[in-house]
Peer 1: 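Could you have a look at this structure, given as structure tokens, before my questions?
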Amino acid sequence: MAIAKLKADATEARLAGVTLPDGAQWARAARGDALARVRAMGLPSKRDEYWKYTNPSDLTAVDAPSAALFDGGEAPLFGDKECLNIVFVDGVFDAQASDPLAGEGIEIMRLCDAMAADIHWAKDLYGVLETRGQVPVERPLAALNTALATDGVVIHATAKVAKPIHISYLHADETSDANLHNLVKVDAGAEVTLLETGPGAARFSTCLEVDIADTGAFHHVRTQGRDHERRTVTHCFARVGAESTFKSFTVTVNGVLTRNECVLDIIGDDAVAHVAGVCVGDGKDFHHDDTVFITHDALNGESRQVFKKVLRNGATGVFQGKILVKAGAQKTDGYQISQSLLLDEDAQFLAKPELEIYADDVACSHGSTSGAIDETALFYLRSRGVPVRVARNLLTLSFMAEALDEIADSALADELRDRLEGWLARHG
Amino acid sequence: MLEIKGLKVKLEDEDKQILKGLDLTVETGKVHAIMGPNGSGKSTLSYVLAGKDGYEVTEGSATLEGDDLLEMEPEERAALGLFLAFQYPVEIPGVGNMTFLRTAVNAQRKARGQEELSAGDFLKEVRAKAKDLKIDADMLKRPVNVGFSGGEKKRNEILQMAMLSPKMCILDETDSGLDVDAMKLVADGVNALRDAGRSFLVITHYQRLLDHIKPDVVHIMADGRIVKTGGPELALEVENNGYADILAEVS
């Protein structure tokens with residue numbers, strides 16, 4: 001009981017003085033419900049099984065720990081790509097830096113505007129997938145985001161959208177604490193790409209709810225900025241319809257704490273859902289956690305999880321990945337691989353792969369490995385004259401290649417590969 | 001070119017002496033062959049010269065044009081002009097063959113103070129050389145040695161050798177796992193590189209490769225030493241009578 005009390009007290013402390021953003025009646029109700037969910041669940045603590053490998057205290061603390069600003073001196077990512085650009089600075093919409101919110105094949109607006117409208121499709125999505133995603137595992141920080149999110153982008157794709165939507169999350173204030181919430185609704189036959197880049201804030205929470213109708217497609221590529229001291233928690237909830245496609249890829253470089261949760265519900269037959277990512281971390285202050293939960297509740301679904309982590313100097317990587325195949329979800333093809341490359345003996349990787357299968361005609365596989373650089377390959381490269389540092393970086397990049405291959409757009413993949421190469425050259 | 005004197009080598013992790021005072025001199029522009037029974041230390045010799053970890057040199061020296069090889073890192077030896085064609089070329093998933101070749105060529109050029117090859121020049125050169133070895137564009141694009149047949153891997157070794165144009169080439173059982181046609185192709189590749197300024201050390205079990213790559217000198221190696229040296233006729237003797245006679249004669 002003492003633990004429950006502690007948890008309730010910590011939750012109340014965090015919520016004390018919090019005011020929910022205003023909006024239309026339905027929006028206020030959605031936020032109020034979310035707040036009630038937070039109270040009912042309590043905020044996570046390191047005693048929770050789901051947070052066994054990642055201490056959430058920085059994410060639940062009343063005040064956000066500050067994070068120094070960081071200028072890596074690199075050009076903004078995806079700058080060469082023609083996109084619909086949207087900019088938030090410490091969670092605040094920057095109208096001047098953003099393109100007009102309009103485009104062919106999409107209806108797009110700010111979340112706060114959508115939530116001020118008495119009637120809006122966002123009502124049927126905001127907090128809805130998040131609520132579904134609370135079972136069977138509770139995700140109180142997602143509910144907290146639904147309650148507190150001040151803004152975000154709502155996107156309704158009605159056709160194949162040629163231009164990706166690129167949301168840049170800039171960090172300009174060392175003590176900023178931001179919650180943004182994005183909604184994506186993809187109609188039948190429609191297709192849209194969402195790019196997200198940047199650290200967002202000293203403490204940054206994002207929640208993305210994606211509803212993909214039958215035969216729709218959603219592509220997502222995200223990078224989380226190079227700020228060393230940032231703390232980030234992200235949630236992605238997707239409902240994946242028949243013959244539809246969901247693909248999400250995340251690159252994480254640096255950061256004190258990153259927890260990326262992805263909860264995918266495959267509800268229509270012949271659907272494809274892929275979630276993948278790479279992270280590179282140097283130093284004992286780096287902690288990166290990928291937590292994935294994929295539910296197959298339809299025939300002939302294909303899911304893939306491919307995660308690669310490069311860790312050195314005491315960096316920690318965590319992977320919790322689950323595939324749940326419900327009774328009747330026959331012909332499911334579920335694949336999960338999580339691997340770490342530990343560049344020295346101080347780095348650590350903690351993995352909890354899980355399969356739970358109630359159908360009898362499925363192909364599911366999972367693997368998890370931790371390894372060092374392959375010495376035989378290293379010698380082979382060196383024997384051809386490649387200096388040891390370059391050879392090691394080449395092999396490290398090759399380790400990440402299987403994950404990077406998950407990005408369908410090769411130009412984006414190449415750009416990310418170059419950035420990772422740069423990181424390795426600086427940290428090698 | 002290559003001068004090895006009294007070389008003694010043991011395994012780093014166990015007390016096992018493999019090379020027991022090996023002497024060998026390969027003159028510039030010459031092709032030397034080393035034959036010998038299994039376990040005589042032929043592959044160890046090639047690895048020690050290339051700088052692989054796991055061996056400890058307890059005595060002796062090995063120099064390339066007067067430079068002490070044993071003090072150098074593997075990449076420094078390569079930049080100096082030493083090349084080892086591996087018996088078992090290593091598969092490297094995720095690294096494209098082309099990227100690998102270009103990185104290696106330019107790293108060596110850089111180490112020697114030369115300008116890096118431009119992408120265009122490199123491509124032209126690699127395509128021409130690949131064509132001679134019947135290596136198609138697809139093989140160049142694939143990850144290094146991944147999914148290559150035994151013959152393709154060996155041809156890929158020769159392609160690397162051709163691109164890097166080393167002074168001293170060591171071929172470690174390059175004929176192993178090759179059918180007759182593939183052996184001919186590989187041998188032609190090697191012969192095309194024969195040059196007054198380039199030396200070869202061909203390690204092999206069988207005389208057959210030496211039908212194609214005609215050696216100037218043949219050495220018989222046994223129990224960590226060179227036990228007999230002669231002309232090409234020595235290889236024929238091995239082919240006809242095996243090692244037993246020679247070993248009995250020298251012991």
Side-chain angles (χ1 to χ4, degrees), chain A residues 249 251 276-278 280 306-310 337-341 343 367 369 371-407 410 413-418 420-425 428, chain B residues 46-55 69 72-97 99-112 114 116 143-146 153 156-157 159-161 163-166 169-170 172:
Chain A
F249 192 94
V251 175
V278 298
V280 291
V306 180
F307 289 93
K308 304 263 188 170
K309 297 177 198 282
V310 174
I337 183 92
S338 66
Q339 296 182 305
S340 70
L341 182 63
L343 293 178
T369 63
I373 291 273
D374 178 351
E375 290 294 329
T376 312
L378 189 65
F379 173 64
Y380 190 63
L381 288 168
R382 295 178 73 190
S383 79
R384 298 302 181 248
V386 181
V388 63
R389 254 188 70 169
V390 177
R392 205 173 272 144
N393 289 347
L394 204 56
L395 292 173
T396 304
L397 263 187
S398 82
F399 165 79
M400 294 189 272
E402 187 195 355
L404 287 164
D405 285 346
E406 295 288 315
I407 303 173
S410 61
D414 287 344
E415 191 171 350
L416 293 173
R417 192 175 288 113
D418 288 348
L420 289 165
E421 209 174 338
W423 188 92
L424 291 173
Chain B
S46 69
Y47 282 146
V48 168
L49 291 175
K52 192 173 199 260
D53 282 344
Y55 302 100
L69 281 177
M72 282 182 240
E73 298 295 335
E75 53 268 39
E76 294 171 322
R77 302 178 197 205
L80 208 62
L82 183 81
F83 181 90
L84 169 64
F86 281 54
Q87 184 181 358
Y88 304 110
V90 180
E91 296 186 6
I92 312 181
V95 178
N97 211 11
T99 307
F100 164 63
L101 273 171
R102 201 177 56 229
T103 307
V105 167
N106 282 333
Q108 290 204 13
R109 293 180 72 93
K110 200 172 154 195
R112 291 195 288 257
Q114 298 164 319
E116 295 191 359
V144 180
N145 293 324
V146 177
K153 283 181 182 172
N156 200 29
E157 293 292 287
L159 174 64
Q160 291 166 38
M161 191 162 92
M163 288 303 296
L164 294 168
S165 48
C169 309
I170 303 172
D172 186 10

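When reading the values below, keep in mind they use all heavy atoms of this one structure, side chains included, and skip hydrogens, waters and symmetry mates. Convention: sequence-line order gives letters A, B, ...; per-chain numbering from 1.
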Peer 1: Identify the two heavy atoms, one from A:Ser398 and one from B:Val95, that lie closest to each other, and give their separation to 0.1 Å.
Peer 2: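 Smallest interatomic distance, heavy atoms only, reads CB-CG2, 3.4 Å.
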Peer 1: Among B:Arg77, B:Glu75, B:Gln108, which has the most heavy-atom pairs under 4.5 Å with chain A?
Peer 2: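 Highest number of heavy-atom pairs under 4.5 Å: B:Glu75.
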Peer 1: If you look at every heavy atom in A:Arg384 and B:Leu164, which pair is closest and at what distance?
Peer 2: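 Of all heavy-atom pairs spanning A:Arg384 and B:Leu164, the closest is CD-CD1, 3.9 Å.
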Peer 1: Rounded to the nearest 0.5 Å, how far apart are OH of A:Tyr380 and CD of B:Glu157?
Peer 2: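 Between atom OH of A:Tyr380 and atom CD of B:Glu157 there are 3.5 Å.
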Peer 1: Given heavy-atom pairs under 4.5 angstrom as the criterion, report whether the side chain, backbone, both or neither of B:Val105 touches chain A.
Peer 2: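 Contact with chain A: none, neither part.
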Peer 1: Considering all heavy atoms of both residues, which atom of A:Ser383 and which atom of B:Ala78 are nearest to each other, and what is their separation?
Peer 2: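 Nearest pair, atom of A:Ser383 first, then B:Ala78: O-CB, 3.4 Å.
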Peer 1: Among A:Leu395, A:Val390, A:Leu381, A:Asp374, which has the most heavy-atom pairs under 4.5 Å with chain B?
Peer 2: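 Most heavy-atom pairs under 4.5 Å with chain B: A:Leu381.
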Peer 1: Look at B:Glu76 together with A:Arg382 and state whether they make a salt bridge at an N to O cut-off of under 4.0 Å.
Peer 2: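 A salt bridge is absent here (no side-chain N lies under 4.0 Å from a carboxylate O).
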Peer 1: Find the distance between CG (A:Leu397) and OG1 (B:Thr99) and round it off to the nearest 0.5 Å.
Peer 2: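 Taking CG in A:Leu397 and OG1 in B:Thr99, the distance rounds to 10.0 Å.
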Peer 1: Give, as side chain, backbone, both or neither, the part of B:Ala50 having an atom under 4.5 angstrom from any heavy atom of chain A.
Peer 2: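 For B:Ala50, backbone and side chain are both near chain A.
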Peer 1: Nearest 0.5 Å, what's the OG1-NZ distance between A:Thr376 and B:Lys52?
Peer 2: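 Going from OG1 on A:Thr376 over to NZ on B:Lys52, the span is 5.5 Å.
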Peer 1: For residues B:Ala107 and A:Val386, report the shortest heavy-atom separation together with the two atoms involved.
Peer 2: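 Closest approach of B:Ala107 to A:Val386, heavy atoms only: CB-CA, 4.1 Å.
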Peer 1: For B:Tyr55, look at atom OH and say whether over 12 heavy atoms of other residues, nucleotides or ligands are found less than 6.0 Å away.
Peer 2: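 Correct, the count exceeds 12.
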Peer 1: Can you name the closest pair of heavy atoms from B:Val90 and A:Ala377 and give their distance?
Peer 2: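 Nearest heavy atoms, B:Val90 then A:Ala377: CG1-CA, 3.8 Å.
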